[in-house]
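These values consider heavy atoms only, across backbone and side chains, with no hydrogens, waters or symmetry-generated copies.
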Amino acid sequence: MGKKVSKIGVLTSGGDSPGMNAAIRAVVRTGLYYGLEMYGIMRGYQGMIEDDICKMESRSVANIIQRGGTILKTARCKEFFEYEGRKKAYDNLILRGIDGLVIIGGDGSFRGAVKFSEEFDIPCIGLAGTIDKDISGTDFTIGFDTAVNTAVEAIDKVRDTMDAHDRIFIIEVMGRDAGYIALHSGIATGAENILIPERKTNMDDVIASLLEKERRKKLVNLIVVAEGDDFGGANKVQSVLKEKLPNAEIRVCILGHIQRGGAPSSLDRLTASRMGYHAIECLLQGRYNVFVGIMNNKMHYMPLGDAVKNKGKISDEWLRIVKILAS
Ligand code: F6P
């Protein structure tokens, strides 16, 4: 059991994700419920370094549960990688009496928090706010479900025009290091091929499958590519396919940042609310420097330092499903 906390700062860091606002609301309202003073830190660690911090009341988080983005804004802060930056941030927290932090972000943000909590005596709690779902220790990350739904809606629309023209479409979704958005949205839209960073892309296999389908007069084919796929993304895939399938009509659609915006799905709002509530419970119970996840629909805690990238964990079964269903 650590020292008692009384003033808590909450921040969002790294790429934003739909549901971050719902998490901020849950953290702030739970903290206030227990009589804690709550502070919002603007632009992630940058705001901690620059003392861009504001007191938050219940009304500060009114009418935000349904909004994408983050009212606290976010940033990727290089200064926080350096000791001097972290020291500045610490001094600002001490001046205000802030003695606990809730960090909503990805694994880079957690790495910063781990360093910070080791160097200075400020307990940190991490909540996974990322559309990529590339963090171990949780079945869901805040924003993933919304991003997949956004991708599915967009891909369904592309499929209409793809089908009308008998075309091959290569759709690039987000995921610099992780293929979860590609895999989930690809299966949900009936993609014939899904290319992800976790598996080496064998373009010969892709070409062979398309040629085989061409022989069967199946001309409509959907390929979903994660932006971080080792082959180099949708444009690169298109240029190779054009060469090998000269008769095929091939188009590219890159979905980009629309996947990061929009109103969070009900699942993301619920996930964020549960995680936010439990972040405060952890601080009150002296469960410090942990990552709060959800596994098998139960809260799951682990040391913040273990919440690293979940790269390479995609099960072969998922890819088998893609292959069998795409015939
Ligand atoms: O937050 C994750 C992510 O959306 C990745 O999927 C993507 O590669 C990256 O962020 C894009 O970051 P930025 O908005 O800084 O270009």
Contact summary for [X] and [Y], nearest pair of heavy atoms:
X      : Y      : answer
Gly129 : Ser17  : C-OG, 3.4 Å
Met295 : Asp139 : CA-OD2, 3.2 Å
Ile131 : Gly143 : CG2-O, 3.7 Å
Ala26  : Ala272 : CB-O, 4.0 Å
Gly261 : Thr150 : O-OG1, 4.5 Å
Arg159 : Val220 : NH1-CG1, 4.2 Å

Are [X] and [Y] within salt-bridge range, i.e. N to O under 4.0 Å?
X      : Y      : value
Glu153 : Lys157 : yes
Arg320 : Asp316 : no
Asp16  : Arg260 : yes
Arg86  : Glu119 : yes
Glu192 : Lys218 : yes
Arg96  : Asp51  : yes
Arg251 : Glu249 : yes

Linking I/L/V/M/F/W/Y whenever any side-chain heavy atoms sit under 4.5 Å apart, do [X] and [Y] land together?
X      : Y      : value
Leu195 : Ile314 : no
Leu270 : Ile280 : no
Tyr45  : Tyr90  : yes
Ile94  : Leu101 : yes
Leu255 : Val225 : no

Between [X] and [Y] (side chain of the first, backbone of the second, donor and acceptor by atom type, cut-off under 3.5 Å), is there such a pair?
X      : Y      : value
Thr12  : Lys73  : yes
Asp132 : Asp134 : no
Thr138 : Phe140 : yes
Ser239 : Lys236 : yes
Glu227 : Gly175 : yes
Asn92  : Met48  : yes

For [X], look at atom [atom1] and say whether over 12 heavy atoms of other residues, nucleotides or ligands are found less than 6.0 Å away.
X      : atom1 : value
Lys323 : NZ    : no
Tyr33  : OH    : no
Lys213 : NZ    : yes

If you apply the rule side-chain contact (heavy atoms from CB on, under 4.5 Å), what do you find for Leu36 with Lys7, and how did you get there?
CA-CA 6 Å; Leu36 304 174; Lys7 296 186 182 184; over 6 Å; no
With salt bridge (charged side-chain N to carboxylate O under 4.0 Å, His left out) as the criterion, how do Glu50 and Arg43 come out once you've worked through the C-alpha distance, each side chain's angles and the decisive distance to 0.1 Å?
CA-CA 10 Å; Glu50 293 168 8; Arg43 293 171 291 117; 3.0 Å; yes
Kindly indicate whether the side chain of [X], heavy atoms from C-beta on, has any atom under 4.5 Å from the side chain of [Y].
X      : Y      : result
Gln259 : Ile181 : yes
Ser136 : Met302 : yes
Pro123 : Leu283 : yes
Asn289 : Val114 : no
Ile24  : Val28  : yes
Phe80  : Gln46  : no
Ile8   : Tyr39  : no
Ile187 : Val224 : no

Output the distance between atom [atom1] ([X]) and atom [atom2] ([Y]), rounded to the nearest 0.5 Å.
X      : Y      : atom1 : atom2 : value
Ile142 : Ile294 : CD1   : CD1   : 8.0 Å
Ile41  : Ile53  : CD1   : CD1   : 4.5 Å
Arg274 : Leu127 : CZ    : CG    : 13.0 Å
Thr70  : Met20  : OG1   : CE    : 6.5 Å
Asn221 : Leu241 : CG    : CG    : 10.0 Å
Ile135 : Asp107 : CD1   : CG    : 5.5 Å

Test Phe120 against Phe116 for ring pair (Phe, Tyr, Trp, His ring centres under 6.0 Å), laying out the working first.
CA-CA 6 Å; Phe120 308 101; Phe116 187 70; 5.3 Å; yes
Take Glu57 and Lys55, measure what salt bridge (charged side-chain N to carboxylate O under 4.0 Å, His left out) needs, and give me the verdict at the end.
CA-CA 7 Å; Glu57 306 297 346; Lys55 193 144 188 266; 3.5 Å; yes
Step by step, would you call Glu79 with Glu84 a side-chain contact (heavy atoms from CB on, under 4.5 Å)?
CA-CA 8 Å; Glu79 238 185 304; Glu84 288 70 33; over 6 Å; no
Is the ring centre of Phe291 less than 6.0 Å from the ring centre of Tyr301?
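No; Tyr301 has its ring centre 6.0 Å or more from that of Phe291.
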I would like to know whether Val27 and Val61 meet side-chain contact (heavy atoms from CB on, under 4.5 Å); could you show each step before the answer?
CA-CA 10 Å; Val27 169; Val61 291; over 6 Å; no
Examine the side chains of Thr146 and Asp268 and answer whether a donor and an acceptor come within less than 3.5 Å of each other.
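The answer is yes; a qualifying pair exists.
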Modelled atom types, side-chain donor and acceptor of Ser6 and Asp99, under 3.5 Å:
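Their side chains do contain a donor-acceptor pair, which is all the 3.5 Å distance test asks for.
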Decide yes or no on side-chain contact (heavy atoms from CB on, under 4.5 Å) for Phe231 and Val237, but give the supporting numbers first.
CA-CA 7 Å; Phe231 200 75; Val237 173; 3.8 Å; yes
